[in-house]
Structures are given as C-alpha cells and as structure tokens.
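Written below as structure tokens is the structure these notes are about.
Small disclaimer: the values here were computed from a predicted structure and weren't measured.
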Amino acid sequence: MPSSGPEDHVIKSEITRSGPDYVLIKLTPTVVDILKEYGPGAIAGSFPDHRPPAGIRFGIGDTVAVSIFEAAAGGLFIPAEAGVRPGNFVALPNQNVDLNGNITVPYAGQVKANGRTPVEIQRDIVKAIGNRAIEPQVVVSLITQNTSLISVLGEVKNPARLTANAAGERILDLIARAGGLTGPGWETWVTLERGGKRATVPFGALMYGSANNVWIHPGDTIYVYREPQVFLAFGAFTIGGNFGGQAQFPFDMWKITMAQAMAKAGGLIDAQAEPAGVYVYRREPRELAERLGADCSKFSGPLVPVIYNADFRDPSGFFLASKFEMRDKDVLFAANAATVDTNKFLLFVQNVVGTANSTIVAANNAQILRINSRQ
C-alpha cells in the first residue's frame with residue numbers, strides 16, 4: 001500500500017468534526033484549491049465524446065436532388081442531338097426519402113438513402129448505371145432537411161427546431177441562431193439532452209469554461225431557463241439594517257465569493273458575532289467529500305452534507321473568504337459569541353429580579369396606602 005503524501009495529512013487534518021448528519025471542514029488554502037476544481041456543474045464530464053459530429057446523413061422525409069452527368073452525348077441520359085442542351089447532365093425531380101429509406105433513380109432502381117451520406121449514395125448510383133451510361137458522374141444534394149434537427153427551447157428569443165450545420169456547431173452557436181437569451185446571463189441555466197442523458201450548467205460556465213461548450217449532434221435538445229442563484233444568510237449579520245435575522249439574497253452575477261455574500265448580508269455584527277464561527281452549509285458530491293478527507297461510509301446517496309468553517313480572527317480568513325465560491329442555495333450562518341449567551345442569561349436574571357423587586361415595591365406601597373387611609 002503506498003504511503004500517504006503530505007497533502008493527504010493536510011486534508012485529513014481539516015476535518016474538525018464529523019457527526020452522524022454532517023462533516024465539518026475548516027477552510028484552508030488547500031481546501032479552497034480543491035473546491036475550485038469542482039464547479040457548479042459540467043456538461044463536458046457528462047458527454048465525454050468531444051469530437052465534432054459526423055457528416056450529416058439523410059433521413060426519412062428529407063428532400064433530395066440527384067443530378068447525373070455523362071462524358072458525351074448519345075449516352076443513357078444525354079441524347080445524340082445534345083447540342084441544344086445547356087450542359088451534359090440531367091437533373092432528376094426532387095424527391096423525398098420514402099418510408100423504406102429509399103430514393104428512386106432511373107435505370108438504378110431503389111437506392112438506399114436513409115442513414116447514408118451523399119458520397120455513399122453517389123457511389124451506389126454510379127455503380128448501378130456504370131455499364132450503360134458514358135462515364136457517369138452523380139451529384140446528390142440535400143434540398144430540404146427534415147431530419148438531423150436540433151431543438152433549442154425555453155428562454156431564447158426564437159425557440160425552434162434548427163437544421164444541423166454540416167460544419168458542426170457548439171452550444172453557444174445554436175443559442176445564437178435561436179436569437180440569444182431573453183434574460184440576464186447570470187441567472188440563466190442551460191440543459192443539454194442527448195440520448196436520454198441530461199446535464200445542466202449556468203450560462204456563465206459556457207462563456208468562461210470553454211470545455212463545457214461542447215459540439216452539438218443532430219437530435220440533441222438544448223433547454224434554456226431562468227432561475228436566479230440565491231443564498232440564505234442568518235445569524236449575527238446586519239441584515240436589512242436589523243441586528244440579526246435571516247434573508248434570502250440573489251447572486252446578481254454568475255458567481256460570488258463568501259466575502260461578497262457576507263457583504264450582501266450587511267457584514268458581521270461587531271458586538272454579537274463570533275469571528276471564528278462563520279459557516280457555509282451545502283451538500284457536496286461524494287467524490288469531492290472523500291477527496292477532502294471525509295469518511296463517507298455513514299452517508300447514503302451521492303451527496304454528503306458538508307459544513308465549511310471560516311475563522312476571521314485569523315487575517316488569512318479574509319483572503320480565503322475572497323476565494324471561496326458560493327453555490328446556488330448555500331446557507332451562510334454567523335454564530336453568536338459566547339459572551340452574547342452570557343449577556344442573555346444575565347439579562348434574563350436581571351428581568352426576573354427586577355420583576356420580583358417591582359412586586360415587592362408594589363406591595364409595600366399598597367401597605368403604606370392602607371395605613372395612611374386608616375389615619
């Protein structure tokens with residue numbers, strides 16, 4: 001068994017507490033660096049075939065044009081008195097690929113077209129008429145493309161089924177052909193579906209992560225929708241001018257850091273917050289949790305509840321918070337300092353004693369009044 005390297009010891013030392021329902025991890029530079037490798041979603045990993053799509057193939061219902069050329073007049077298609085003709089070729093009427101996947105060519109009969117490229121069809125036609133025509137050459141072209149379509153739906157200006165481009169296109173190319181987004185990019189998500197498999201990423205991950213902008217294949221579906229990314233903040237934050245409470249905040253950009261999230265929540269309350277007790281709650285993929293050193297044997301399912309702890313008593317905590325990226329639906333919590341709980345207890349005692357004293361004073365005053373009334 002290979003010995004663990006120094007990085008393994010560093011990571012395992014960050015697991016400060018592990019309960020039955022969570023793993024608590026101290027925020028360190030090593031942890032932040034590992035988290036950067038795991039973005040909010042990746043299409044590239046879900047569709048590992050990064051090759052451009054193969055050439056467009058004909059399908060049932062496509063409209064096809066066939067032109068046949070001969071080297072001289074007097075052949076199978078060009079009559080002997082061909083001098084008045086504009087060229088040494090004949091253009092057959094356009095025809096659809098029938099339900100059996102065939103097209104019909106005179107003297108060649110039924111030619112298979114479904115699932116084949118123009119070059120493959122041309123080769124078969126030339127072979128079929130080669131012994132009867134004079135050095136024939138054939139050109140097969142696609143007139144109307146009714147298959148090899150790509151659907152672009154949702155929050156785009158012109159949702160439609162678009163024809164596949166023979167040169168190949170990527171996700172952003174198809175979104176552009178559909179007119180572009182209707183809303184801000186930072187609150188837009190893109191889902192790619194292919195062969196029953198789906199993957200979703202923020203639109204920003206396509207713009208800034210070129211690996212996610214994968215090639216699109218005929219039959220793919222692209223769905224664009226808007227869902228603002230938000231985080232929930234509660235605890236000892238100055239939220240909305242109030243001292244403590246909870247509120248939900250939108251990112252208003254495609255990614256924000258922990259430092260920016262704390263600023264949106266109004267910052268820590270100096271007289272109440274514990275600088276070493278700022279936490280982010282989220283569920284991480286099992287693979288990531290294991291890489292961070294967590295024992296995931298007690299958790300079932302692909303996601304593990306993880307709590308990240310930032311210590312702002314250490315000046316480096318501010319630099320870590322500016323690098324730690326928030327995720328959609330994260331929970332940001334600032335704990336109260338221990339002295340706050342003590343003050344709450346003392347205030348409670350003061351209220352109890354004050355209430356008792358007030359009762360005694362009231363009773364004494366009533367007794368004095370009764371004595372005075374008798375006199």
- request: For residues Ile256 and Trp186, determine if any side-chain heavy atom of one lies less than 4.5 Å from a side-chain heavy atom of the other.
  value: no
message: According to a hydrophobic-cluster definition based on side-chain heavy atoms being under 4.5 Å apart (Ile, Leu, Val, Met, Phe, Trp, Tyr only), do Tyr208 and Val214 belong together?
response: yes
task: Please lay out, stage by stage, how Gln229 and Trp189 fare under the test side-chain contact (heavy atoms from CB on, under 4.5 Å).
output: CA-CA 10 Å; Gln229 299 185 84; Trp189 297 74; 3.6 Å; yes
query: Around atom CE of Met253, are there more than 12 heavy atoms of other residues, nucleotides or ligands at under 6.0 Å?
result: yes
statement: Between Ile103 and Ala113 the two heavy atoms that sit nearest each other are CG2-CB, 4.1 Å
Lys/Arg-Asp/Glu bridge criterion (N-O < 4.0 Å) met for Glu227, Lys329: yes
task: Apply side-chain contact (heavy atoms from CB on, under 4.5 Å) to Leu181 and Phe203, showing your working.
output: CA-CA 10 Å; Leu181 306 178; Phe203 181 75; 3.7 Å; yes
Atom pair CG (Leu35) and CD (Glu284), whose distance is rounded to the nearest 0.5 Å: 6.0 Å
- line: What one should report as the nearest heavy-atom pair of Thr63 and Leu142 is O-CD1, 3.6 Å
Distance (rounded to the nearest 0.5 Å) between Met262 CE and Phe318 CZ: 7.0 Å
query: Within a reach of under 6.0 Å around CD of Gln145, are more than 12 heavy atoms found that belong to other residues, nucleotides or ligands?
result: yes
query: Hey, is the main chain of Gly317 close enough, under 3.5 Å, to the side chain of Asp314 for a donor-acceptor pair?
result: no
query: So is Arg194 actually on top of Phe47's ring, under 6.0 Å and inside 45° of the axis?
result: yes
- prompt: Is Phe319 atom CZ crowded by more than 12 heavy atoms from other residues, nucleotides or ligands, each under 6.0 Å away?
  reply: no
query: Of Val230, Leu232, Ile239, which meets side chain to side chain contact (heavy atoms under 4.5 Å, CB included) against Phe249?
result: Ile239
field: Glu70/Asn88 under side-chain hydrogen bond (donor to acceptor under 3.5 Å, both in side chains): CA gap, chis, key distance, verdict
entry: CA-CA 6 Å; Glu70 290 190 273; Asn88 61 333; over 6 Å; no
message: Using modelled atom types and a 3.5 Å cut-off, is there a donor and acceptor pairing between side-chain atoms of Arg116 and backbone atoms of Arg57?
response: no
query: Hey, does Val105 have a side-chain heavy atom less than 4.5 Å from the side chain of Leu92?
result: yes
- request: Supply the atom-to-atom distance Ile150 CD1 to Leu174 CG, rounded to the nearest 0.5 angstrom.
  value: 4.5 Å
task: Please lay out, stage by stage, how Phe312 and Leu320 fare under the test side-chain contact (heavy atoms from CB on, under 4.5 Å).
output: CA-CA 10 Å; Phe312 288 95; Leu320 293 173; over 6 Å; no
- request: Classify the side-chain pair Asp62/Thr147 by whether it contains a donor and acceptor separated by less than 3.5 Å.
  value: yes
message: If you define the side chain from C-beta out and look only at heavy atoms, does anything of Pro184 sit under 4.5 Å from Arg226?
response: yes
message: Taking Arg282's backbone N and O only, do any of them form a donor-acceptor pair with Arg327's side chain (distance below 3.5 Å, no angle check)?
response: no
message: For the CG atom of Asp33 and the OG1 atom of Thr28, what is their distance to the nearest 0.5 Å?
response: 8.5 Å
- line: Smallest heavy-atom separation, Pro218 atom then Ser148 atom, equals CB-CA, 3.7 Å
message: Is it true that, when you exclude Glu135 itself, more than 12 heavy atoms of the residues, nucleotides or ligands shown sit nearer than 6.0 Å to its CD?
response: no
field: Shortest non-hydrogen contact between Pro228 and Asp328, atoms and distance
entry: O-OD1, 4.0 Å
task: Examine the side chains of Thr188 and Glu155 and answer whether a donor and an acceptor come within less than 3.5 Å of each other.
output: no
- request: May I ask whether Phe234 and Ile307 are part of the same hydrophobic cluster, defined by side-chain heavy atoms of I, L, V, M, F, W, Y residues being less than 4.5 angstrom apart, directly or through others?
  value: yes
query: Heavy atoms, side chains only, cut-off 4.5 Å: are Val138 and Ser67 in contact?
result: no
task: Give the minimum heavy-atom separation between Ala205 and Trp254, together with the two atoms involved.
output: N-CZ3, 3.6 Å
message: Are the side chains of Arg170 and Ile216 in contact, using a 4.5 Å heavy-atom criterion?
response: no
Minimum-distance pair of heavy atoms, taken over all atoms of Leu153 and Pro159: CA-CB, 4.3 Å
query: Would you say the side-chain atoms of Asn309 pair up with the backbone N or O of Val278, donor to acceptor, closer than 3.5 Å?
result: yes
Test item: Phe58 and Pro118 side chains (from C-beta on) under 4.5 Å apart, heavy atoms: yes
Interatomic distance, Asn96 atom CG to Asn102 atom CG [nearest 0.5 angstrom]: 13.0 Å
- prompt: Asn212 side chain to Ile43 main-chain N or O, any donor-acceptor pair under 3.5 Å?
  reply: yes
message: Test of understanding: clusters of I, L, V, M, F, W, Y form through side-chain heavy atoms closer than 4.5 Å, transitively. Do Ile134 and Phe89 belong to the same one?
response: no
- prompt: Heavy atoms, side chains only, cut-off 4.5 Å: are Ile222 and Val224 in contact?
  reply: yes
Worked check of side-chain contact (heavy atoms from CB on, under 4.5 Å) between Thr117 and Ile56: CA-CA 7 Å; Thr117 65; Ile56 295 176; over 6 Å; no
query: Is the shortest side-chain N to carboxylate O distance from Glu120 to Lys112 below 4.0 Å?
result: no
- prompt: Does the Asp330 side chain pair with the main chain of Val280, one donor and one acceptor, at a distance under 3.5 Å?
  reply: no
field: Parallel, tilted or perpendicular, as decided by the 30° and 60° cut-offs, for the rings of Tyr223 and Tyr225
entry: parallel
message: Is it true that Glu325 and Thr257 share a donor-acceptor pair across their side chains at a distance under 3.5 Å?
response: no
query: When clusters are formed by joining ILVMFWY residues with side-chain heavy atoms under 4.5 Å apart, either directly or through shared neighbours, do Met207 and Val156 land in the same one?
result: yes
field: Note, Val66 side chain near Ile125 side chain (heavy atom, < 4.5 Å)
entry: yes
field: Close aromatic pair by centroid cut-off 6.0 Å: Phe324 and Tyr308
entry: yes
query: Side chain of Glu169, backbone of Trp215: donor and acceptor closer than 3.5 Å?
result: no
query: Do you reckon Phe251 sits in the same ILVMFWY cluster as Met258, going by side-chain contacts under 4.5 Å, direct or chained?
result: yes
- request: Classify the ring geometry between Tyr107 and Phe77 as parallel (under 30°), tilted (30 to 60°) or perpendicular (over 60°).
  value: perpendicular
task: Answer yes or no: is there a donor N or O on one side and an acceptor on the other, between the side chain of Gln122 and the main chain of Val140, under 3.5 Å?
output: yes
statement: CG of Leu292 to OG1 of Thr30, rounded to nearest 0.5 Å, is 10.0 Å
